[in-house]
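Here the structure is a predicted model, which is why all the values come from computation and not from measurement. What's counted below: heavy atoms across the whole structure, side chains too, no hydrogens, waters or symmetry copies. Counting starts at 1 for both ligands and their atoms, in listed order.
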Amino acid sequence: MIPYFTEHFGNPSSINHQYGWEAEAAVKQTRSILAKAINASPEEIIFTSGATEANNLAIKGVSEAYFQKGQHIITVATEHNAVLDPCKYLETLGFEITILPVQKDGLINLDELEKAIRPDTILVSVMAANNEIGVIQPLAEIGKICHEHDIIFHTDAAQAIGKIPLNVQTFQIDLMSLTAHKVYGPKGIGALYVRRRNPRVKLAAQQHGGGHERGMRSGTLYTPQIVGFGKAVEIALAEQKQENRRLTQLRNKLWEPLSKIEGIHLNGHPTQRLPGNLNISIEGVDGAALLLGLQSIMAVSSGSACSSTTTAPSHVLTALGHSEKLAYASIRFGIGRFNTAEEIDTVAQQVISTIKSLQRM
Ligand SMILES: *Cc1c(COP(=O)(O)O)cnc(C)c1O
């Protein structure tokens, strides 16, 4: 990224001089990397400031472009707030939103999805992988149902890009939100994949101006961040297979001793989940005390990183059927590229002793 702050500082939209060309070439390269990662074409990638903006652009953009066809949207209870809140906003404008529940394992029921579809349904938004419990939804099956009913399928893949195989053709995805910082890229850059054919998705711009990104998202492109985004995805894809094997081993190594604790639950489907994600709930333990007890050994926070200031219990865990109390007494472990087997042993030991002392109290 650094040369694009200092040496190649041109504006990628300045197509009349060399500085602009250098920046444009760099942006083009990331577009190709992202397109290849999801089996799309480069023109179908629209850069945004992250997945929040991509979700807003997808959901509001479709609603505005298709409102004459219908005003009904289907989404899921365990979605990120960057999907749920734009939907709630649209409700205030007169759109109707169906929020599908999830099963105990965090997966949606495909029959329920099909039953929720109405003649006026214009959009289905179901995330690829959940940010709290790591559950991976059956994208190909959802895509098939959507396209059989002529409905646009959007997926928030912020947690999935670089981590699991994604293919907009075989999964029949029309819109896909991406972000760089969940795969070790820079913060503040993301993208929306917008399908151009079979079908061609129309999108009303949510930010107007210079007409960048084929008019769908105006604003000068943030070249250094875009360069970092491309590199991050390139590295993640190159390492995906062996890294997923390693992370699965580490997760099992962590879960194995924890699973023996009385009153412990694994949240989310046991296998249909991101390799680096382990989310547990412990009965009979106070959530705040648990947080305090673990703070000295690892970077723990309450809630999710984006909303750790709120004190409400996780809407994802309550959607699994957990009581508020149990939702508070939960931990999500995110195992990543730089974690080692030794760290897993240390964390397992300390978490077990913390839980056991709390249970004794
Ligand atoms: C992190 C995350 C977002 C928000 O992405 P930003 O790039 O931070 O705006 C949206 N959805 C999911 C599932 C996420 O994990």
Legend entry - Chi angles and distances behind the side chain to side chain donor-acceptor pair (under 3.5 Å) call for Q206, E64: CA-CA 10 Å; Q206 300 300 302; E64 219 179 297; 3.2 Å; yes

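- Checking only distances, Q159 does come within under 3.5 Å of ligand 1, N or O to N or O.
- For Q29, the CD atom counts as loosely surrounded, since its 6.0 Å shell holds 12 or fewer non-hydrogen atoms of other residues, nucleotides or ligands.
- Between the side chains of H265 and E283, at least one donor-acceptor pair of N or O atoms lies under 3.5 Å.
- Here the shortest heavy-atom distance to atom 7 (O) of ligand 1, taken over I189, N131, T179, T155, belongs to T179.
- The proximity of E53 to ligand 1, defined as any non-hydrogen pair under 4.0 Å, does not occur for either the backbone or the side chain.
- Less than 4.0 angstrom separates some heavy atom of M127 from each of these atoms of ligand 1: 13 (C).
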Inset, instruction - Check the pair R195 / Q172 against side chain to side chain donor-acceptor pair (under 3.5 Å), numbers first and verdict last. - result: CA-CA 10 Å; R195 178 177 285 279; Q172 304 191 52; over 6 Å; no

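- In the vicinity of A51, heavy-atom distances shorter than 4.0 Å reach the ligand 1 atoms 3 (C), 4 (C), 5 (O), 6 (P), 7 (O), 9 (O), 10 (C).
- Taken to the nearest 0.5 Å, the CD1 atom of I331 stands 7.5 Å off from the CG atom of L258.
- Residue contacts with ligand 1 for K187 are absent, since no atom lies close enough (heavy atoms, distance under 4.0 Å).
- Near G50, meaning under 4.0 Å from one of its heavy atoms, ligand 1 places the atoms 7 (O).
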Inset, instruction - Given side chain to side chain donor-acceptor pair (under 3.5 Å), test H72 with T98 step by step and report yes or no. - result: CA-CA 8 Å; H72 179 238; T98 297; 2.6 Å; yes

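- Between the choices N81, T52, D156, V83, the shortest heavy-atom distance to atom 11 (N) of ligand 1 belongs to D156.
- The atoms of ligand 1 that sit less than 4.0 Å from any heavy atom of K182 are 1 (C), 2 (C), 3 (C), 14 (C), 15 (O).
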Legend entry - Trace of the side chain to side chain donor-acceptor pair (under 3.5 Å) decision for E44 with S41: CA-CA 6 Å; E44 295 175 311; S41 59; 3.1 Å; yes

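- Within ligand 1, the atoms closer than 4.0 Å to a non-hydrogen atom of H181 are 6 (P), 7 (O), 8 (O), numbered from 1 in the order shown.
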